[in-house]
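What follows is a short report on a single structure.
Everything numeric in this text was worked out from a predicted model, so none of it was measured.
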Amino acid sequence: MPWWTRLSPFGGWVKQKSRSMGLVSSPASSLLAKELGLQHVNLSVVLLLVLLHFAALGASHWKAPSMNSYMGMAMFMSRVLLMTLPPLLIGCVAVAEERRLGTILWHRTLPISAWKQWLIKLAVVYGLTFLTAWVLPRCLPMDLQDIGRDGHFAMTVVAFSLATLGLLVSSLSKSLLSAFGTAFGLGIAVVCGIQFSESFMNRLLHNGVPFFHSSWSFGFIHLWLLLSGISLAVGTLVLIFRNMQRVIPGKRDLLFNTFVLLGLVVASSSISWMIFFRAWEKVVPFPEPQPIVRLQGTVHPKIEGWPGLTIVLLPDGRAISPHVSGSSKTNPSFTVICTNEDGTNQTRWQDVASGYSSDFGIRDDGTLWKWGTIWRNPEREAALMENLKKKLAPTFFQSPTQIGTDSNWKKVFAIAGSGFALKKDNSLWAWGTNNSYQFGNGTTNSSSVPIQVGTDNDWIQIGGWGWGTDCVGLKSDGSLWEWGIDRRTYPARTNTIPVRLNLPADWAEIELGYSAAIGLKKDHSLWGIPRRDEPSAVYQIGHDSDWKTVGRPYTGQAFATKNDGSLWKITLSFSPSRNGRQSARYTQLEKIGHSTNWLAASDITALGADGSLIGWPYPQEFRSPPEGKKFFLAPSRLSPFVLNLARGNKP
């Protein structure tokens, strides 16, 4: 091989430099020169790839318009090859060439320990990898913007991984050719394994395995990659050191390396699974309500709210607003909602509702009240929408003010900027924003006072999808009706008046979230309703028919209670979009604790009969973490706060 393709002159330069520094007899400098000399074959590869890059760069200036895509691909491939092929060759050369040249035994005669020799070899391999995968691409005239900072970092990690793989294979091979062939075959196997894993996960996803539908399952993947990467890196380096002590490795060494690496993968997977799913919480007692019932009354208990806006209606008629956001999670408290600011009038409520910007309540005398800020005009709505996007909510928990003068109200519902209420004759009335046909009266005229929706007197419940522009109503015959604008379809589907959904008429209660609903049928079975009205899309949750209450699944989860008072967590997993609609098709049921003393539940809170209010974090915090932040733990089964409403403002 010609001298200009070797790094041997560079090794000679190291020796000469060592002499000038008085290190003539230094075995480390001699070993360093020898290691650099072994890498002479990679210089020609690097030079060839650099020339290939300059050729692609030059051709890009003389290309025809029809060759744009080909030139772009050539430029990209030249960068990828420069950042991957030399590191793999650098690792493959490190030990295999020494066995071919017979210098392994020479190492044992050097007055330097084996682990120091190993460190010098690692320094040369990773130092040259750093130069070819990080420094050289930044010095050459190449556009790294299309790769991006994260992409370039990922390519660097891949380069170091390839160098480590080549070094491991080299420590078990007798020549560069066999090492490179083995490493290349392993690389192909890894790529095929990744493709198979992706196909397998997609198949599990479409076949209804809940974990693979959970958005926060990517947190488990990140944790597994982190732990397995660290364990495999440390284990591989230890194996390389062990293999280097073998003059001629055999089948036993190959089997030993294989079993150790597989064992590390299994161990890291098990540890990742236990950490991600908080295995230690299995032995931590859940804060159960006490069996002594302290809350008594004739009002049906209820938990209403959206993220950050929660109202709890107690059996004695008190409406409670817990403060559990921010730093108050460690010291939760609550406010009793009264009609007077000084709280002297201990108002008793028969129903409450909470929307994005306004809360409503019906007193025990049948009068209708509001507090918070109601959206009354498009300008106000646009401003509040902007606040919501910035996570800046309007002022809440103001002193309630009465709506109208009627005293025959029965139930109240809040949907975004609109309010709905039923009178005792089951007629439906609406007020607030009507820019998306929320009133179902064929117009977009908003109103600050309740106006009747149609003439039917058989409504029992009203709910809204997502931001509330698509409303759904339940009638006494068990049928579901929809109106408004469904903005999650393309084009948006509009119903200016209520239109009956093509679903069986056997519903007793329905709670709507952003992309899915959970409904109780008249036989007390629990069902999920994706955001489309095909009968085949409705699916049963569990197999029991003893459900009592269910919370609104706004955040992708909801809590429900059974007739025996037990509490259950329902996790919704979203399937790919169909006809422009994303649907929650797969669910997971999990019993929370052992108590049978729960009264009501929502998507993140549950009320015990002793006044215990238990809260959980919002699942969307795990689905959409802040930029640059990753979650390595699944949502906790334990609650971040426990507030006892019967004992006053004490946690």
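No side-chain heavy atom of Met83 sits less than 4.5 Å from a side-chain heavy atom of Val158. With a 4.5 Å cut-off on side-chain heavy atoms, Leu172 and Thr182 do not count as touching. Between Leu168 and Asn243 there is a side-chain heavy-atom pair separated by less than 4.5 Å. Between Leu567 and Ser595 the shortest side-chain heavy-atom distance does not fall below 4.5 Å. Counting heavy atoms from C-beta outward, Pro87 and Phe160 have side chains that stay 4.5 Å or more apart. Contact check for Phe259 versus Leu261: no side-chain heavy atoms found under the 4.5 Å cut-off. Looking only at side-chain heavy atoms (C-beta outward), Pro86 and Leu49 come within less than 4.5 Å of each other. Using a 4.5 Å heavy-atom threshold, the side chains of Ile614 and Ile592 count as separate.
Contact detail for Ala558 and Gly551: the closest heavy-atom pair is CB-O, 3.6 Å. Minimum heavy-atom separation, Leu237 to Tyr126: CD2-OH, 3.6 Å. Ala163 and Val125 make their closest contact through CB-CG1, 4.2 Å (heavy atoms, listed as atom of the first residue, atom of the second, distance). Nearest heavy atom pair, residue Met274 against residue Trp280, reads O-CZ3, 4.2 Å. Closest heavy-atom contact between Ala94 and Leu38: O-CD1, 3.8 Å. Here the closest non-hydrogen pair linking Pro249 and Ser173 is CG-N, 4.4 Å.
Of the possible polar contacts, none joining the Thr236 side chain to the Ala233 backbone as a donor-acceptor pair under 3.5 Å is found. Within the 3.5 Å criterion, the main-chain N or O of Val95 finds a donor-acceptor partner in the side chain of Ser170. Proximity of a side-chain donor or acceptor of Thr605 to a complementary backbone N or O of Ser602 within less than 3.5 Å is not detected. Without hydrogens or angle criteria, Gln39 side chain to Val93 main chain gives no donor-acceptor distance under 3.5 Å. Distance alone, capped at 3.5 Å, places no donor-acceptor pair between the Arg99 side chain and the Leu176 backbone.
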Applying side chain to side chain contact (heavy atoms under 4.5 Å, CB included) to Val46 and Leu131, what does each step give before you reach the verdict? CA-CA 11 Å; Val46 173; Leu131 290 175; over 6 Å; no

For side chain to side chain contact (heavy atoms under 4.5 Å, CB included), just list the numbers for Asn42 and Leu128, CA-CA rounded to whole Å, side-chain angles, deciding distance to a tenth of an Å, and then say yes or no. CA-CA 10 Å; Asn42 295 311; Leu128 293 178; 5.9 Å; no

Report the C-alpha separation of Leu165 and Val169 in whole Å, then their side-chain angles, then the decisive distance to 0.1 Å, and conclude whether the side chain to side chain contact (heavy atoms under 4.5 Å, CB included) test is met. CA-CA 6 Å; Leu165 174 64; Val169 174; 4.2 Å; yes

Show the numbers, then the answer: is there a side chain to side chain contact (heavy atoms under 4.5 Å, CB included) between Glu98 and Lys121? CA-CA 12 Å; Glu98 290 203 65; Lys121 187 178 290 292; 2.4 Å; yes

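Rounding to the nearest 0.5 angstrom, the gap separating the CG atom in Asp253 from the CZ atom in Arg242 is 5.0 Å. Taken from CD in Glu35 to CD in Gln117, the straight-line distance is 9.0 Å, to the nearest 0.5 Å. Atom CD1 of Ile570 is separated from atom CG of Asp603 by 11.5 Å, given to the nearest 0.5 angstrom. Summarising the geometry, atom CG belonging to Leu239 is positioned 7.5 Å from atom CG belonging to Leu264; distances are rounded to the nearest 0.5 Å. Annotation: the span from Phe277 atom CZ to Leu223 atom CG amounts to 10.5 Å, rounded to 0.5 Å. Taken from CG in Leu31 to CG in Leu36, the straight-line distance is 10.0 Å, to the nearest 0.5 Å.
Annotation: salt bridge (Lys or Arg N to Asp or Glu O under 4.0 Å) contacts of Glu97 (sequence neighbours excluded): Arg100. For Trp118, the ring-ring contact (aromatic ring centres under 6.0 Å, His included) partners two or more places apart in sequence, or in a different chain, are Phe241. With sequence neighbours left out, the ring-ring contact (aromatic ring centres under 6.0 Å, His included) criterion links Phe180 to no other residue.
Surrounding CG of Leu186 are more than 12 heavy atoms belonging to other residues, nucleotides or ligands, all under 6.0 Å away. No more than 12 heavy atoms of other residues, nucleotides or ligands shown are found within 6.0 angstrom of CD1 on Ile248. Heavy-atom neighbours of Lys591 NZ from other residues, nucleotides or ligands within 6.0 Å: above the threshold of 12.
Using cut-offs of 30° and 60° for the angle between ring planes, the Phe130 and Trp134 rings count as parallel.
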